[in-house]
Each structure stands twice: as structure tokens, then as C-alpha cells.
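All values below were derived from every heavy atom in this structure, side-chain atoms included, with hydrogens, water molecules and symmetry-related copies excluded. Along the sequence shown, residues carry numbers from 1. As the structure lists them, so they are numbered: ligands from 1, and atoms in each ligand from 1.
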Amino acid sequence: MCGIVGYIGKSPAPPILISGLRRLEYRGYDSAGLAIIENDGIVVTKSPGKVASLHDKARSEWPEERFDTASAGIAHTRWATHGPPTESNAHPHLDENGGIALVHNGIIENYRSLRARLEGKGHHFLSETDTEVLSHLIGENYKENLFQAVCDALHQVEGTFGIAVISAKEPGKIITARRGSPIVIGVGDGETIVASDASAIISHTRQVIYLEDNDIAIVTANGVEIRDLDQVPVTRDVAELGFDAEAAEKGGYEHFMLKEIHEQPEALANAIRGRLDFNLGSSVLSGMGTSARDLSEIQRVVMLGCGTSLHAGLVGEYAFEDLANIHAEVEQAAEFRYRNPIIGRSDLVVAISQSGETADTLAAVREANQKGAFVMGLCNVVGSTIARETGRGIYLHAGPEISVASTKAFTCQVAVMLMMALKLGRGRRFSLEDGIKLAREIESIPELVQKVIDQSDAIAEVAKRYAQNEHAFFIGRGYMYPVALEGALKLKEISYIHAEGYHAAELKHGPIALLEEGTPIVALANDIPGKDKTLGNIEECRARGARILGVITEGDKEAAEFMDDVIEVPACHPLVATVPTAVALQLLSYHIAQARGCEIDQPRNLAKSVTVE
Ligand code: F6R
């Protein structure tokens, strides 16, 4: 996820900005940059890759004294969303005249129309980013008052932002603002630091002010003045940071996995934002690069992936068939690449990959391209090889996933495939009314997930009762079958418990022989079609002494009677329910692994990106 640091005060800014960026490195990023005010002008240095490269670049290109004199500046680590991680796309971005510099986290949704309007007025853009449009817009509104210009510009943008802005004409201030993307201001002695995350501040001061949505602040070396976007003064309390620098790296969470589980409401909101059309009861997924005509010609959707991404594809298979009435298949990418698959022009091949670098999925993409299919990527990492080679696709916008065990990528992949199925469905079987209903259900996913995350402590208590077992089975039917597979994968990879996912009906065709007194069964008995049959299967397990942990729909007393322990997920559309149910299983696995003292973020034998066959 992108990171922001701004500094103004008694010490030279460049070293503080660079060390602040280093503190934000844990968030994941792919380019970095900084801007300082010097002699009535702005100096910008940017670099793809690591903060170390940015530092080396500044050291080799800048005169030595610049490091010791500049007393104000802004800096950024960028996680690419609009355009690949190149030097020109890195922040800060300047306005048309080069006198204003901006760093930005978030997404400006209406940047295309703003850009067209500014181009009409003679503006020239040097990057593909939404952010550069905002810097030009601020410049366009600038009349000797940076605060006013930023307010005016922000009134015209739709989307989310956390920003820091400087102007060569007003060297004694930084303007910062937020909507949907955090900004925290550290108030020191003769110095003030702006950041997207307290970890960049903590080595300077523990006194901080958290901006709220639609706050805009004038930051000087001696303090902070905060107003709302209508310029009405607002008061925000000064808080004391209660954690040390090391804890701050993971946003206060003990592990990246837990942090990423908790980030899911935000990640999902980012994946969904601007992509649902409630007037048409459909979704807007221009990245698919398909016209209505192309869509109507698609006869089959073939999803390819590995591991967790494969499981997301299995949910997608149900979504495409049930919602869009289109034949769908999902295939393990390594198998697809060697099997001489029969595919052609009427097939939509969707390569699902968080990293966009998985060797087997990439090879499968090449095979599908070779055979003339309509190939698209569903990736999280912008500019990754699969994203480039597919040439079209939809980014997840989930933010960087650092923990080896994939969590937020899975839920965002499912959410995006539900939106794809909605789009295809509207062209085939869905009425306007049904489309709007489903769009509303998809929109509610972040809230549903938050309700599950709020039960984390209760799930931790349940987890303790299963932490000593060496085997576990996860069972589910229909939409919950792939979620059972994913739940078992999550548990085995981080807790080293031998866990297997089965279709609930499949258990009696062999695996039931393994059940004995106390064998744990995690049963996904959500109130969806097939629940009664799953309850029947649970009875069969109970009769053999198994201990049943049921994941059930909130308030379902009938299902609860079958269980030794329960985790409840909120009631919602049965396909949408796959997302909060998966989150419940992520938390269960996390807390079991935690209770067993496992190395959660770096499980043995595993790597984040599998770039070998
Ligand atoms: C499991 C996990 C892996 C990945 C798989 C594919 O938690 O992370 O199973 O899902 O290696 O990776 P991507 O999605 O990057 O292609």
C-alpha cells in the first residue's frame, strides 16, 4: 500500500523523509520519490524499486548541501494502481508550472474526466496516474493561497485520498487532507511530521493528531490548524502513541497475516469502489476490454490459478454458472499448460493470480494466448508479468499482501468475480431488478466481513479448543465447497495441522474411515441450498465421535443444535456468504497457529511467490 511522509521543521528534511519512507517499507511498494522546497523552486527525485535506490540516486545527483539545508518536503512509496511502477508514475507529481508538488494515497475515481478537461485547457501530463491529475487541478486553482487551492480541487474530485502538498511560493507550510485514506500528524518540538502511518513518526514524537474524513490541515513547523473542506475550523485531540517503532511496522498487529485479515473491509471496498452501476444493475469493469458484443459471444469462462487463487476460481465457477448462465470451468494452471486443452475464440480465459508471477499460471496464460482465446488477468500486483501478458484484466486493488498465507487477495478475487458474473449475467438472464439486488449485496461485502472480524476474540477462544489436534477435516457443499478447500489449505500451511477439505457428500466415500473420537470437523453449514444435506453429513460424523465446529448463519438455531462449537456469519446472498465465511476460517487458522506458537508470516518451506514449476 502507498505511504506518505512530509516534514517541516528545524532539522534538514531529506534524511528524515528517507528514514520515514524506510519505516513504511513494510507496507509493500514498488517505487519511491521525494520533493523538497529550495530557492523558490521544487526539486523532485523519484526512482522505481526500493527506497535505497531513491537514496542512492539523491546522493549521487544532489549537491551535498541540499541534504543539510532543505527544511520542508514530502515523500512517498507507491504501490502501483494506475500505470506500472515506473519513475514517471512515481510520486510526488508536480502541477503544470512545476511550483506545486503532491503525494497521494487512494484513488481519484473521476480522474479521466478531470484529465480530459485539463488537457482541453492546455495541461500536459507526464504519467498515467490519477494523482497527477489532482496536482494539476490544484495548480489550476492556485491563486497565491495553497490551502484554498487544495480545498477547491478536493471539492471536484470523487474517490479517496490522503494527500500532502507543498508549494514553492509558500515554503513554510504543508497542506494535508484525508478522505478514506489515513493521515496522522506528529507534533514535535519545532517540527511537524505528516504521515499515512504512525510508524514514520514514532522516532520523532509520540504526540499525534489523526485527521478524520474531509479534514484539511495547514501544517507548519510550529503546529497544525485543521478545518473541514468548507473551511470551518475543527478541533481534533492530540493522542499519545502507545506502541514502539517495531510494533508500528505491522500497524500494531502481531503478524502481517492478522493485519491483512483486518484490512479486508478496506481492501474489499477498494476492489468494489466505482465498479457497481446501480442504475443499470450491473458492473463497470472496463479492464475486461470487452464490448457488449464480445460479451455476448463468450460461450465459456475458463479460470486458471494455483492454490488459494484456484479456490477463488472454484467460487467463480459457481458464480458464472448460477448468475450468468454461462458454462464455466476452473482448472489447475499447471495441469492446463501440459494437457493440450481445447479452447478457442469463444472462450474467456481468466488467469487468477495475486502476485501475477506464478510460473504455472503464466505458462497457462501463454498457452491460452497461443490458442486464440480471449485471455484476461485477475491480478493484485500492477504491472506484474501476467497482467502485462494478458494485456487486459481487472486489478484487485487489495494493497500489498506480505504474509505468505493469502487472505485479502482471495476475498477480493471472489468479490471481483461476482462483479464479472453480474456483468455477464445482465447480458443474459438477469433482470434489472435482480441486477440491482445483487449489486447491493456485493456492495455490502466489506460490512459483512467487518462483522466477522469483530468476532476475532471469540474465534480465538474456539481455536484454543482445536489447537492440540493433528488432523482436521473441512466440509461444505455447493458454494461452500471451495471455501472448505481454502479453509483446509489455510490451516495446514500456517499451523502444520494435517487438514483436508472435502465435499460433505464425499466424506463417506472413504475419508470417514479416519474419523475417531474427537476428530475435528469444520462444517460449513451456512443457510444456503444444500444445508439440510450437510446437516445429515454432520450427523454421520457425530455418530463416529467427531467434534463438530460449525460455521453457520447468524441466528440459525436449528443448525447450532448439530454443533459442539459455532462461529456465526451474517445472513446474506448465498454466493456473497462465501466471503465472510472464508474470513471466519482465516481467523480460525490464524488463532490455532498462534496457540501452537507457529511462525505465522513465514511458514516453513513456503514462499510468497512461486516462480518455478
Ligand atoms: C496460499 C497461497 C498460495 C497462492 C498460490 C498462487 O495461502 O498463498 O496457495 O495462492 O501460490 O499464488 P498467486 O495468487 O500469486 O498466483
Side-chain angles (χ1 to χ4, degrees), residues 28 30 79 255-261 264 267 271 303-316 330-337 349-366 368 375-390 393-417 474 482-497 499 501 582-583 585-590 592-593 598-613:
D30 35 41
W79 167 260
H255 297 98
F256 281 113
M257 182 181 178
L258 190 60
K259 172 175 173 282
E260 287 160 13
I261 290 173
Q264 285 177 108
M303 283 151 290
L304 305 171
C306 301
T308 291
S309 294
L310 177 71
H311 296 154
L314 285 163
V315 180
V330 55
E331 186 151 344
Q332 211 287 326
E335 191 57 26
F336 180 91
R337 64 184 287 198
V349 173
V350 185
I352 309 169
S353 175
Q354 186 285 131
S355 62
E357 303 295 345
T358 299
D360 285 320
T361 313
L362 178 59
V365 162
R366 290 177 178 156
V375 188
M376 61 169 281
L378 208 67
C379 300
N380 193 33
V381 178
V382 173
S384 55
T385 312
I386 292 173
R388 280 186 277 111
E389 293 209 9
T390 48
I394 304 171
Y395 284 119
L396 302 180
H397 296 322
E401 199 178 61
I402 293 167
S403 160
V404 167
S406 184
T407 54
K408 59 182 179 171
F410 175 82
T411 49
C412 289
Q413 286 162 348
V414 172
V416 169
M417 277 187 285
F474 286 67
V483 183
L485 298 183
E486 173 58 10
L489 174 61
K490 224 62 327 156
L491 184 64
K492 74 181 101 176
E493 68 182 324
I494 60 166
S495 74
Y496 314 138
I497 292 175
V583 175
L585 299 186
Q586 293 165 359
L587 283 166
L588 178 70
S589 297
Y590 174 83
I592 289 179
C598 297
E599 201 32 79
I600 292 177
D601 280 332
Q602 285 298 328
R604 68 182 177 218
N605 306 336
L606 291 172
K608 183 63 189 157
S609 185
V610 185
T611 51
V612 291
E613 272 193 63

Checklist entry - What pairs with Ala593 under side-chain contact (heavy atoms from CB on, under 4.5 Å), at least two apart in sequence or on another chain? => result Ile494, Ser495, Cys598, Ile600

Checklist entry - Is it the side chain (CB and beyond), the backbone, both or neither of Lys490 that lies under 4.0 Å from ligand 1, heavy atoms counted? => result side chain

Checklist entry - What are the atoms of ligand 1, with element, lying closer than 4.0 Å to any heavy atom of Ala405? => result 7 (O)

Checklist entry - Numbering the atoms of ligand 1 from 1, which are under 4.0 Å from a heavy atom of Ser353? => result 13 (P), 14 (O), 15 (O), 16 (O)

Item to check | Under 4.0 Å to a heavy atom of Glu493 - the qualifying atoms of ligand 1, by number | outcome: 1 (C), 7 (O)

Checklist entry - For ligand 1, which atoms sit closer than 4.0 Å to a heavy atom of Ser355? => result 13 (P), 15 (O), 16 (O)

Item to check | Atoms in ligand 1 flagged as close to Cys306, the criterion being non-hydrogen separation under 4.0 Å | outcome: 5 (C), 6 (C), 10 (O)

Next on the checklist: Is it the case that ligand 1 has an N or O less than 3.5 angstrom from some N or O of Thr361?
Outcome noted: no

Checklist entry - Just how far is it from atom CG of Leu396 to atom CG of Leu378, taken to the nearest 0.5 Å? => result 5.5 Å

Checklist outcome for this item: Interatomic distance, OG@Ser309 vs CG@Leu314, rounded to 0.5 Å, equals 11.0 Å

Next on the checklist: Under a 3.5 Å distance rule, please check whether Glu493 uses its side chain to pair with a backbone N or O of Pro603 as donor and acceptor.
Outcome noted: no

Checklist entry - Between Asp601 and Met257, is there a donor-acceptor pair closer than 3.5 Å when you use the side chain of the first and the backbone of the second? => result yes

Checklist entry - Should the proximity of Val404 to ligand 1, defined as any heavy atom under 4.0 Å, be assigned to the side chain, the backbone, both, or neither? => result backbone

Item to check | Glu389/Arg366 ion pair, N-O < 4.0 Å | outcome: yes

Next on the checklist: Please check this pair: side chain of Gln332 against backbone of Glu335, looking for a donor-acceptor N/O pair closer than 3.5 Å.
Outcome noted: yes

Checklist entry - atom 10 (O) of ligand 1: which of Thr308, Leu304, Leu396 has the nearest heavy atom? => result Thr308

Checklist entry - Against heavy atoms of Ser309, which atoms of ligand 1 measure under 4.0 Å? => result 10 (O), 13 (P), 14 (O)

